There are 2 protein chains.
Amino acid sequence: MEGKPKQILIADDEPDILEIVSYNLGKEGYEIYTAKDGNEAIERAKQLNPDLIILDIMMPKKTGVEVCQILRSQPQFQDTLIIFLTAMSDEASQIKGLETGADDYVNKPISPKVLVSRVNALFRRVNSKEVGKSIHIGNLTIDPVKFLVVIDQKEVILAKKEFELLHLLASRPGRVFLRNEILSQVWGNDVIVGDRTIDVHIRKVRQKLGIDCITTVKGVGYKFDM
Amino acid sequence: MEGKPKQILIADDEPDILEIVSYNLGKEGYEIYTAKDGNEAIERAKQLNPDLIILDIMMPKKTGVEVCQILRSQPQFQDTLIIFLTAMSDEASQIKGLETGADDYVNKPISPKVLVSRVNALFRRVNSKEVGKSIHIGNLTIDPVKFLVVIDQKEVILAKKEFELLHLLASRPGRVFLRNEILSQVWGNDVIVGDRTIDVHIRKVRQKLGIDCITTVKGVGYKFDM
DNA sequence: ATTTGTGTAAACTTAAGGTTAACATGGAAG
DNA sequence: CTTCCATGTTAACCTTAAGTTTACACAAAT
């Protein structure tokens with residue numbers, strides 16, 4: 001059971017490094033995205049929500065350590081893997097890096113093969129326990145493992161269908177789901193239910209969440225939007 | 001919620017290394033055990049079932065890589081963390097080591113502080129493994145060794161199935177276990193039992209504990225919550 | 001052989017969840 | 001402005017999952 005390809009964001013100001021790392025990890029089947037300074041790294045991380053972020057420490061705008069701290073302070077990136085990449089091989093930096101919340105620390109000059117092995121080792125470890133990944137959007141968290149929705153630190157209990165419906169919509173924020181799609185995804189392809197059934201569940205979700213995050217697209221379907 | 005102290009097994013044939021590593025990790029609150037060759041490492045690993053094993057590569061009897069392969073081939077050690085410690089800093093060894101199933105690879109001469117950071121980073125990432133070790137949640141203690149549940153200083157006797165059921169749920173508080181999962185974990189994959197059997201056992205546990213800590217998620221399963 | 005504890009099954013009750021129908025609303029087209 | 005149609009709203013109703021109780025089989029202990 002091979003999941004979807006893992007997304008990796010690489011931030012470094014040296015184009016050479018970016019290229020060599022992208023090439024070698026891409027060859028392994030990972031989906032690679034790049035950033036060339038600290039601010040861009042943060043920006044891209046927020047829009048991509050990648051599985052792993054590889055950060056050079058010495059970068060313009062913001063250092064890798066700063067980026068790591070900023071990202072780790074947000075719930076969305078609590079579980080994201082982070083590897084530091086750096087020319088500073090002194091042990092103080094390394095310790096500081098790991099204590100900032102990084103998962104690994106690789107010294108330059110990097111060996112592409114070693115980096116690939118370390119990336120693989122990290123994913124091997126994390127994959128074995130991570131079954132359903134939770135969704136974080138703004139102050140909203142959807143956790144399929146705990147079957148729980150948290151909004152502004154407050155837990156909201158949704159019934160099964162309500163949860164599945166919200167989970168579906170929130171899995172692709174902004175994208176419109178046709179009523180048909182919703183029916184087949186949440187209710188299954190065979191069951192036939194009345195026309196108002198979806199509406200009623202949408203209503204319950206809206207009501208329980210208390211915030212307006214589901215938009216109606218008349219004649220088409222619904223979408224999640226914050 | 002601070003768990004039990006993590007157990008670490010360190011295998012190296014140089015007493016100096018053993019001592020310095022033991023001292024530094026011990027200071028961090030880990031419970032340290034040692035072995036001085038490959039065979040002893042395997043033997044102690046089996047009797048201790050530690051959370052982390054640190055293996056020197058060049059050891060008498062069996063090399064660290066061999067020990068790793070042997071342990072990884074057994075289900076008991078599938079999730080156990082393994083770090084290689086070695087004087088061989090060439091990248092081929094490192095790649096081989098990581099691909100054997102190790103989680104990290106640290107070169108000698110080792111810096112105790114760096115090792116400690118890396119150990120901490122690994123445990124930070126993998127907070128989940130606590131099988132066979134007692135669980136403390138609030139005023140509730142579940143001790144699988146003594147087969148005992150203590151709640152508010154009062155011992156509660158649970159039957160085998162009841163105990164296993166509670167232990168499973170409490171091992172991951174908050175997480176929902178599907179009825180299927182419960183069946184396969186507690187009853188085993190092959191046995192087929194009636195639909196109400198789980199309910200009955202849930203009821204007995206709830207009754208005996210006297211506190212409401214098991215939540216029903218209708219249509220999904222059960223979860224432990226305090 | 002009898003007692004005791006444990007696990008499973010069956011029958012029944014309860015309640016949560018899901019669906020529907022009937023009606024309301026609101027915006028766009030004519 | 002009126003009509004039309006898609007969606008919103010509400011409450012009643014139906015369905016199904018879970019809770020409860022009792023009974024019984026079986027094994028271990030006495």
Side-chain angles (χ1 to χ4, degrees), chain A residues 144 147-149 155-169 176-225, chain B residues 142 144 146-149 155-169 176-225:
Chain A
F147 208 85
L148 199 67
V149 175
E155 291 186 4
V156 178
I157 308 296
L158 296 186
K160 189 158 169 272
K161 283 271 189 301
E162 295 161 8
F163 189 88
E164 288 169 358
L165 179 54
L166 175 63
H167 188 257
L168 174 68
L169 295 180
V176 178
F177 288 84
L178 312 180
R179 292 174 90 91
N180 280 337
E181 289 183 278
I182 296 176
L183 276 183
S184 69
Q185 292 284 321
V186 178
W187 274 264
N189 270 308
D190 32 314
V191 289
I192 14 133
V193 289
D195 232 19
R196 300 272 66 71
T197 302
I198 294 181
D199 309 14
V200 172
H201 282 91
I202 289 279
R203 171 173 156 66
K204 286 182 184 164
V205 173
R206 283 176 172 157
Q207 201 168 259
K208 288 193 180 176
L209 289 192
I211 55 172
D212 182 29
C213 58
I214 297 176
T215 309
T216 305
V217 182
K218 258 190 103 143
V220 187
Y222 296 92
K223 66 174 172 176
F224 184 96
D225 255 324
Chain B
I142 302 171
K146 296 181 180 166
F147 207 83
L148 200 65
V149 175
E155 290 187 5
V156 178
I157 309 297
L158 295 185
K160 186 155 167 282
K161 283 274 190 296
E162 295 161 8
F163 188 88
E164 288 169 0
L165 180 54
L166 175 63
H167 186 255
L168 174 68
L169 295 180
V176 175
F177 289 83
L178 312 180
R179 287 175 154 255
N180 282 336
E181 291 182 273
I182 296 176
L183 276 184
S184 68
Q185 294 284 321
V186 178
W187 274 264
N189 268 309
D190 31 315
V191 289
I192 15 133
V193 289
D195 234 17
R196 302 271 65 73
T197 302
I198 294 181
D199 308 14
V200 172
H201 284 88
I202 289 277
R203 172 172 157 67
K204 287 182 184 164
V205 172
R206 294 213 249 234
Q207 205 167 258
K208 287 192 181 177
L209 290 190
I211 55 172
D212 181 29
C213 59
I214 296 175
T215 309
T216 305
V217 182
K218 261 193 104 136
V220 186
Y222 294 92
K223 64 176 170 177
F224 184 96
D225 254 326

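A, B, ... follow the sequence lines: proteins, then strands. Residue 1 opens every chain. None of these values were measured; they are calculated from a predicted model.
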Which part of the nucleic acid, if any, lies within reach of [X] when heavy atoms closer than 4.0 Å are counted: base, sugar-phosphate only, or nothing?
X	value
B:Thr197	sugar-phosphate
B:Phe163	nothing
A:Lys161	sugar-phosphate

What is the distance, rounded to the nearest whole Å, between atom [atom1] of [X] and atom [atom2] of [N]?
X	N	atom1	atom2	result
A:Asp195	C:dA22	CG	C1'	14 Å
B:Lys160	C:dG7	NZ	P	7 Å
B:Asp212	D:dG19	CG	P	11 Å
A:Phe147	C:dG17	CZ	P	10 Å
A:Ile198	D:dA6	CD1	P	14 Å
B:Gln207	C:dG7	CD	P	15 Å
B:Leu158	C:dG5	CG	C1'	14 Å
B:Lys218	C:dG17	NZ	C1'	7 Å

Between [X] and [Y], is any pair of side-chain heavy atoms under 4.5 Å apart?
X	Y	result
B:Trp187	B:Glu164	no
B:Phe163	B:Val156	no
A:Ile202	A:Leu169	yes
B:Val205	B:Lys161	no

Please confirm whether the shortest side-chain N or O distance from [X] to OP1 or OP2 of [N] is below 4.0 Å.
X	N	result
B:Thr216	D:dA17	no
A:Arg179	D:dA6	no
A:Trp187	C:dG18	no
A:Tyr222	D:dG8	yes
B:Arg206	D:dG19	yes

Which listed nucleotide ([options]) is nearest to the side chain of [X]?
X	options	value
A:Val200	C:dA16, C:dT8, D:dT9	D:dT9
A:Lys204	C:dG18, D:dG8, D:dA18	C:dG18
B:Arg196	D:dT9, C:dA10, D:dT7	C:dA10
B:Ala159	C:dG7, C:dG17, D:dG19	C:dG7
B:Arg203	D:dT10, D:dT21, C:dT20	D:dT21

message = Which is more 5' along DNA chain D, the nucleotide nearest B:Ile202 or the one nearest A:Asp199? Just name the residue.
response = A:Asp199

Using atom types as modelled, flag every donor-acceptor pair under 3.5 Å from a side chain in residues 209-219 of chain A to any protein atom, sequence neighbours excluded.
{"unit_1": "A:Thr216", "atom_1": "OG1", "unit_2": "A:Arg206", "atom_2": "NH2", "d": "2.9"}

task = Using side-chain contact (heavy atoms from CB on, under 4.5 Å) as the criterion, point out the one residue from A:Leu148, A:Leu165, A:Leu166 that pairs with A:Leu158.
result = A:Leu166

